[in-house]
Peer 1: 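Quick one: the structure is below, questions incoming.
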Amino acid sequence: MNTAEQMVEKDRRRAILIVLVMAPAYMMPARGLREQIGLAGYVVSLDRVATDCAWLAEQGLVEWKNDVATLSDRGADVALGRAQVPGVKRPEPGQLQ
């Protein structure tokens, strides 16, 4: 994977976390995540969303069960820039979402 692909992957993972920050009950099924991150320009397959969510779950940022992602407290901290995890893009200075 080249550097540009890595940057897109990190940003897409953060986009998933941001969608979950704004979702009712901080949870959303894979199809909803795909639709929402698609609005931000990340047109990906359900397999890609599932892979990203499984990776985020391994990092403790979401719970991934039955194709539904639920944001953890740590995931919210990472999404909002209060914590860092390698593999997830940090927000730019002044960027809240």
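For the numbers below, each heavy atom of this structure counts, side chains included, while hydrogens, waters and symmetry mates do not. By convention here, the first residue in the shown sequence is residue 1.
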Peer 1: Could I get the full list of side chain to side chain contact (heavy atoms under 4.5 Å, CB included) partners for Met7, not counting sequence neighbours?
Peer 2: Thr3
Peer 1: Would you call Thr70 and Val62 a side-chain contact if the rule is heavy atoms closer than 4.5 Å?
Peer 2: no
Peer 1: Nearest 0.5 angstrom please: Asp73 CG to Leu61 CG, how far?
Peer 2: 11.5 Å
Peer 1: Run the side chain to side chain contact (heavy atoms under 4.5 Å, CB included) test against Gln84 and tell me which residues pass, sequence neighbours left out.
Peer 2: Arg90
Peer 1: Ser72 and Gly60: which non-hydrogen atoms are nearest, and at how many Å?
Peer 2: OG-O, 2.7 Å
Peer 1: Any idea which heavy atoms bring Pro91 and Gly81 closest together, and the distance?
Peer 2: CG-CA, 3.6 Å
Peer 1: Verify the neighbour count for atom CG of Asn2: are there more than 12 heavy atoms of other residues, nucleotides or ligands below 6.0 Å?
Peer 2: yes
Peer 1: Is there a side-chain contact (heavy atoms from CB on, under 4.5 Å) between Val44 and Arg12? Walk through the geometry before answering.
Peer 2: CA-CA 10 Å; Val44 295; Arg12 188 181 62 243; 3.9 Å; yes
Peer 1: How about Lys10 and Val88: do any of their side-chain heavy atoms sit closer than 4.5 Å?
Peer 2: no
Peer 1: Under 4.5 Å between any side-chain heavy atoms of Val68 and Pro29, yes or no?
Peer 2: yes
Peer 1: As an exercise, state the distance from CZ of Arg13 to CD1 of Ile18, rounded to the nearest 0.5 Å.
Peer 2: 15.5 Å
Peer 1: Can you name the nearest heavy-atom pair linking Met28 to Gly32, along with the distance?
Peer 2: SD-C, 3.4 Å
Peer 1: If you take all heavy atoms of Ala57 and Trp64, which pair is closest and at what distance?
Peer 2: CB-CB, 3.9 Å
Peer 1: Does the Arg31 side chain pair with the main chain of Leu46, one donor and one acceptor, at a distance under 3.5 Å?
Peer 2: no
Peer 1: Can you tell me how far apart SG (Cys53) and CG (Leu17) are? Round to the nearest 0.5 Å.
Peer 2: 8.5 Å
Peer 1: Would you say Met27 and Val78 are hydrophobically clustered, going by side-chain heavy atoms of ILVMFWY under 4.5 Å?
Peer 2: no
Peer 1: To check you understand the geometry: which heavy-atom pair defines the closest contact between Val85 and Trp55, and what is its length?
Peer 2: CG1-CH2, 4.2 Å
Peer 1: Applying side chain to side chain donor-acceptor pair (under 3.5 Å) as the test, list every pair that has at least one member in residues 38-50; sequence neighbours left out.
Peer 2: Asp11-Tyr42, Arg48-Asp52
Peer 1: How long is the gap from CD1 on Ile16 to CD1 on Ile37, to the nearest 0.5 Å?
Peer 2: 4.5 Å
